[in-house]
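Below, chains carry the letters A, B, ... as their sequence lines are ordered, and counting in each starts from 1. The structure displayed is predicted, hence computed values, not measured ones.
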Amino acid sequence: MSFITIILLVVMGVSANKSSKLNWLNNILSVPMKPVQGFFTTVGRKVEGTFSFFKDIEAVRKENEQLKIQIAGLEKENRELSVLKIKNDELRQALSLKEQFGDYSILGSNIIAVDPGNWFNVFKIDMGSKEGVKTDAPVVTSARGLVGRVVSSDLTTSNVQTIIDEKSSVSGWIAKAGGGHAIVRGDMQLKEKGLCKMDYIPLEVDVEVGDIIETSGLGGIYPKGILIGEVIEVRKTNSELDRYAIIQPAADFKRLEEVYVLKNNQSNETGSAGK
Amino acid sequence: MKRKVLFYSFFILVFLLLQTTLLHYAAIMGVIPNILVVFIIITGLLRGNIEGGIVGFFAGLAVDLLFGGVLGFYALLGMYLGIAAGSVNRRLFRENLLVAVFFTFVYSVLYEFLIYVINNIMSGNMQYLYALTDVILPESVYNSIIALLMFPLLIRVEGWFEGKESKLRKY
């Protein structure tokens, strides 16, 4: 027993290094499990979906009529906005601003499994190093709200740590005039509700409910300007230094099915994926 | 022997699959049970510390391979869990359902608490009380309920092992 303990401790030490060859062992299980997990997750969603289907059908009919009216209005608005967009693009070019995710290409993927315990908010997606997913790649929703980052990738699957995970912390930018940097991190009590916490708010910044938080680009993992979420509550303790805000992330972690990995094109050529 | 290995591998894989996919639809107040932990504990209780340790090791290793940050963390904890559950063996009437439920609860609390402490001891942001009351205790109760269902199944499987296997048990 003590022999196995020592061996395992050594293995843990070696595999803590992400580039260690030992981590290739993960493929033994993750590659054959991928289709099975995908199947089970899909079945679960289908069953859940069938139940809600019968419940929703009446509501959907009514909603449909309302939406048709809304669409007509929106189409008109859309035409007007597209004129504005062209104008905006011209101005952007004039300022030579870079396109927000210009250096990144976007890879869609499905969630196939979730972490087995209650402690971590990590899930598995069906794209791996074969598709070019690498550790620390940012992950967003279809509406480009921040989900988290890739913490490890096997041959055909990768693990994504969400921003509501306790171990996650993201450098955020309070997007308003006179905004500042703050740290958005997961919290055990808040993650159940799909919320996260923002602390280290600079003293001079006046945080209010409704403020939009974006990634700041500091730290080098997330590019600047990805939407994190919105402040829904500011909690002040006795000292001003201690205050923190509660953030409603743009991504709905309870309903997440598809996510998009941002692949950095620049580092693609030099990467060692599949080694 | 061959049959036993097959059976254990089958159970570990099926429970792991359920644990990582469908079980999340069974969350109560955001807490899901850990059926792999229940499986390790009951195996330890029924089959003794050696088989408990081996099953715990491989079940943990499977979790490590799929989700672990470092390879070997869950394998080590799972092995200890199996050995600990197996060590109760000789002092209590092991084929009693209530004994199994009781020890599932106790060992679930210890196991989850250990995981929490190890993962958070360096973070300086420990919320022991919240972790205990809102995650560990509900999960352990949930685990005990699962044990109530899983125990009769594994007793049957065990009877099958005993029937097929010779009486020469080497411990």
Side-chain angles (χ1 to χ4, degrees), chain A residues 1 4-5 7-18 20 22-30 32-34 36-45 47-48 111-120 122-124 151-152 154 157 159 161 166-167 185 187-189 191-194 254, chain B residues 13-27 29-37 49-50 53-54 57 59-77 79-80 83 111-112 115-116 118-120 123 125-127 130-131 134-136 138-139 142:
Chain A
M1 180 175 153
I4 300 175
T5 306
I7 294 217
L8 280 179
L9 286 175
V10 171
V11 167
M12 276 155 82
V14 174
S15 69
N17 177 5
K18 287 285 175 222
S20 150
L22 212 58
N23 286 322
W24 250 77
L25 286 175
N26 293 1
N27 291 324
I28 298 172
L29 211 55
S30 66
M33 287 285 261
K34 175 187 166 182
V36 194
Q37 283 178 324
F39 171 76
F40 270 93
T41 309
T42 319
V43 167
R45 269 186 210 132
V47 172
E48 208 191 24
I111 297 175
I112 53 167
V114 207
D115 185 88
N118 283 313
W119 301 117
F120 304 109
V122 176
F123 57 76
K124 220 173 187 50
V151 279
S152 65
D154 302 332
T157 58
N159 291 339
Q161 180 188 54
E166 258 184 283
K167 296 230 155 149
R185 59 173 88 227
D187 183 82
M188 188 165 61
Q189 303 194 27
K191 79 177 175 199
E192 231 171 75
K193 295 171 217 139
K254 291 246 157 76
Chain B
L13 281 179
V14 167
F15 288 148
L16 184 66
L17 264 177
L18 289 177
Q19 184 71 40
T20 56
T21 56
L22 293 184
L23 218 64
H24 284 262
Y25 295 101
M29 290 158 62
V31 174
I32 57 162
N34 200 327
I35 51 178
L36 271 175
V37 165
N49 55 7
I50 292 179
I54 291 171
F57 174 83
L61 192 66
V63 174
D64 272 329
L65 289 176
L66 278 184
F67 275 101
V70 289
L71 203 59
F73 176 70
Y74 286 106
L76 191 63
L77 280 179
M79 186 178 78
Y80 286 155
I83 290 170
Y111 176 82
E112 294 294 341
I115 288 185
Y116 179 70
I118 292 174
N119 274 302
N120 289 279
S123 75
N125 183 27
M126 303 275 295
Q127 298 166 298
Y130 179 84
D134 278 65
V135 182
I136 295 174
E139 191 200 314
Y142 212 159

**Q.** Non-hydrogen atoms of A:Pro116 and B:Phe67 that approach each other most closely
**A.** CD-CD1, 3.6 Å

Q.
Taking side-chain hydrogen bond (donor to acceptor under 3.5 Å, both in side chains) as the definition, give me every residue that meets it alongside A:Asn118, ordered by chain and number, with sequence neighbours left out.
A. B:Glu139

Q: Let me know if A:Phe120 has heavy atoms under 4.5 Å from chain B in its side chain, its backbone, both or neither.
A: side chain

Q. Just how far is it from atom CE of A:Met12 to atom CG of B:Leu76, taken to the nearest 0.5 Å?
A. 6.0 Å

Q | chain B contacts, top residue of A:Lys193, A:Arg45, A:Lys254 (heavy-atom pairs, under 4.5 Å) | A | A:Arg45

Q | Set of residues satisfying ring-ring contact (aromatic ring centres under 6.0 Å, His included) with respect to B:Phe15, sequence neighbours excluded | A | B:Phe11, B:Phe39

Q) Less than 4.5 Å apart, any side-chain heavy atom of A:Thr41 and any of B:His24? A) no

Q. Could you give the distance from CZ (A:Phe40) to CG (B:Leu18), rounded to the nearest 0.5 Å?
A. 5.5 Å

Q: To the nearest 0.5 Å, tell me how far A:Asn27 CG sits from B:Leu65 CG.
A: 9.5 Å

Q: Check each atom of A:Val114 against the heavy atoms of chain B and say whether the ones under 4.5 Å are side chain, backbone, both or neither.
A: both

Q: Might you point out which heavy atoms bring B:Met29 and A:Glu192 nearest each other, and give the distance in Å?
A: O-OE1, 3.3 Å

Q) For B:Leu61, is it the side chain, the backbone, both or neither that has a heavy atom under 4.5 Å from a heavy atom of chain A? A) neither

Q | Atom group of B:Tyr25 that falls short of 4.5 Å from chain A, counting heavy atoms | A | side chain

Q) Which atoms of B:Leu22 come close to chain A, meaning under 4.5 Å heavy atom to heavy atom: side chain ones, backbone ones, both, or neither? A) side chain

Q. Taking the side chain from A:Lys124 and the backbone from B:Leu66, do they hold a donor-acceptor pair closer than 3.5 Å?
A. yes

Q) Using a cut-off of under 4.5 Å for heavy-atom pairs, which of B:Ile32, B:Val37, B:Ile83 has the most such pairs with chain A? A) B:Ile32

Q) Would you find a donor on one side and an acceptor on the other, under 3.5 Å apart, between the side chain of A:Lys167 and the backbone of B:Asn120? A) no

Q) Side chain, backbone, both or neither: which part of B:Leu23 has a non-hydrogen atom closer than 4.5 Å to chain A? A) neither

Q) Rounded to the nearest 0.5 Å, what separation is found between the CG atom of A:Leu29 and the CG atom of B:Asp64? A) 10.5 Å

Q) What option among B:Ala27, B:Ala75, B:Ala62, B:Gly72 has the most heavy-atom pairs under 4.5 Å with chain A? A) B:Gly72

Q.
Given heavy-atom pairs under 4.5 angstrom as the criterion, report whether the side chain, backbone, both or neither of B:Ala131 touches chain A.
A. both

